[in-house]
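Shown next, in structure tokens, is the structure this report addresses.
Every chain is numbered from 1 and lettered A, B, ... according to where its sequence line falls, protein lines coming before strand lines. Worth knowing before you read on, the calculation uses all heavy atoms, side chains too, and leaves out hydrogens, waters and symmetry mates.
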Amino acid sequence: GAVVSQHPSRVICKSGTSVKIECRSLDFQATTMFWYRQFPKQSLMLMATSNEGSKATYEQGVEKDKFLINHASLTLSTLTVTSAHPEDSSFYICSAPVDRYTEAFFGQGTRLTVV
Amino acid sequence: AQTVTQSQPEMSVQEAETVTLSCTYDTSESDYYLFWYKQPPSRQMILVIRQEAYKQQNATENRFSVNFQKAAKSFSLKISDSQLGDAAMYFCALGSQGNLIFGKGTKLSVKP
């Protein structure tokens, strides 16, 4: 099946710094990728839709200036958490569909801890 | 708005027995897909089974099968011959064009 690689798997950063998370589709081109956030013992909540070559679409309540998304190529989307605070600590997961008729393939997730 | 509801926060099953996880959904889309994902402690999302809404036949994948009731907007997952490795969080998801809406999940425990 299709492979989506997400890095890093874990990151600890100091409050006020920025962290970049990468999501790569390894064996297919992904014009669209999705970024989710998952709090402990909760479900996945869609944060934004990343579109290659255009601006990301953010879900209501998600701060665009805090969670910067760039989809510069057909195989790479990045999520940058800017000026991170402890409340940004969470599990972030990306996914990418091969096409609209298949399921989305997920990255391994990134555990972000802001201290 | 599309919604997915899983009314069982936790379920437990004896090894080798059968368990059914419930899911209901709501959507105004005519073209959509339904999924069950498994999330073990590693937190990697693993696709368990997939159902196209336009297909009447229930999907099956080895020990996993679904009961898809389109009119009732119900999509339950049956796990037969449960194994210890089936213990995980299970998420029901509704999707179209790759975007997925997830239910809150059901934590499945398997007792030896």
Side-chain angles (χ1 to χ4, degrees), chain A residues 1-10 21 23 25 28-52 56-61 71 77 90-113, chain B residues 1-10 21 23-25 27 29-55 59 61 64 66 75 77 88-109:
Chain A
V3 177
V4 173
S5 178
Q6 184 176 343
H7 292 281
S9 57
R10 290 176 179 267
I21 303 170
C23 182
S25 56
F28 66 101
Q29 294 182 333
T31 56
T32 302
M33 291 186 178
F34 301 97
W35 288 94
Y36 296 86
R37 183 173 183 176
Q38 185 179 29
F39 289 106
K41 299 184 179 181
Q42 293 190 22
S43 187
L44 283 73
M45 298 300 295
L46 180 66
M47 297 175 64
T49 301
S50 173
N51 303 297
E52 188 271 333
T57 305
Y58 291 82
E59 296 299 302
Q60 190 174 7
H71 196 148
S77 175
S90 190
F91 191 69
Y92 294 88
I93 312 177
C94 69
S95 74
V98 173
D99 58 53
R100 64 167 292 179
Y101 301 108
T102 68
E103 73 274 17
F105 294 91
F106 285 85
Q108 302 93 323
T110 297
R111 158 76 69 195
L112 170 63
T113 303
Chain B
Q2 300 183 83
T3 60
V4 176
T5 302
Q6 292 179 251
S7 58
Q8 306 155 316
E10 296 187 22
L21 308 183
C23 174
T24 58
Y25 65 94
T27 181
E29 300 281 340
S30 58
D31 182 16
Y32 60 90
Y33 299 79
L34 294 159
F35 308 91
W36 279 98
Y37 279 90
K38 171 184 177 181
Q39 188 179 43
S42 68
R43 305 191 79 170
Q44 174 72 55
M45 296 293 284
I46 301 168
L47 178 66
V48 175
I49 200 164
R50 167 177 177 257
Q51 174 82 44
E52 292 90 338
Y54 64 85
K55 289 188 177 180
E61 286 288 341
F64 300 88
V66 299
F75 182 62
L77 173 69
M89 282 291 292
Y90 285 81
F91 292 100
C92 178
L94 167 67
S96 59
Q97 302 190 47
N99 180 14
L100 297 176
I101 306 298
F102 289 90
K104 292 188 175 182
T106 297
K107 183 179 181 180
L108 178 66
S109 301

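Heavy atoms of Gln38(A) lying under 4.5 Å from chain B belong to its backbone as well as its side chain. Neither the backbone nor the side chain of Gln6(B) has a heavy atom closer than 4.5 Å to any heavy atom of chain A. For a residue to count as touching a neighbouring chain, one of its non-hydrogen atoms must lie under 4.5 Å from one of that chain's; by this rule Leu46(A) touches chain B with the side chain only. At a 4.5 Å heavy-atom cutoff, the contact between Phe102(B) and chain A is made by backbone and side-chain atoms alike. Heavy atoms of Gln42(A) lying under 4.5 Å from chain B belong exclusively to its backbone.
Smallest separation of non-hydrogen atoms from Thr32(A) and Pro97(A): O-CD, 3.4 Å.
Here the CD atom belonging to Glu10(B) is positioned 10.5 Å from the CG atom belonging to Leu108(B), to the nearest 0.5 angstrom.
Using the six-membered ring where Trp is involved, Trp36(B) and Phe75(B) have ring planes that are parallel, under 30° apart on the 30 and 60° scheme. Between Phe35(B) and Tyr33(B), the ring planes are parallel. Angles under 30° get that label, and only those over 60° would be called perpendicular.
Among Phe105(A), Phe106(A), Tyr36(A), the one residue that satisfies the ring pair (Phe, Tyr, Trp, His ring centres under 6.0 Å) test with Tyr37(B) is Phe106(A).
For the set Lys41(A), Arg111(A), Gln6(A), Met33(A), the count of heavy-atom pairs under 4.5 angstrom toward chain B peaks at Arg111(A).
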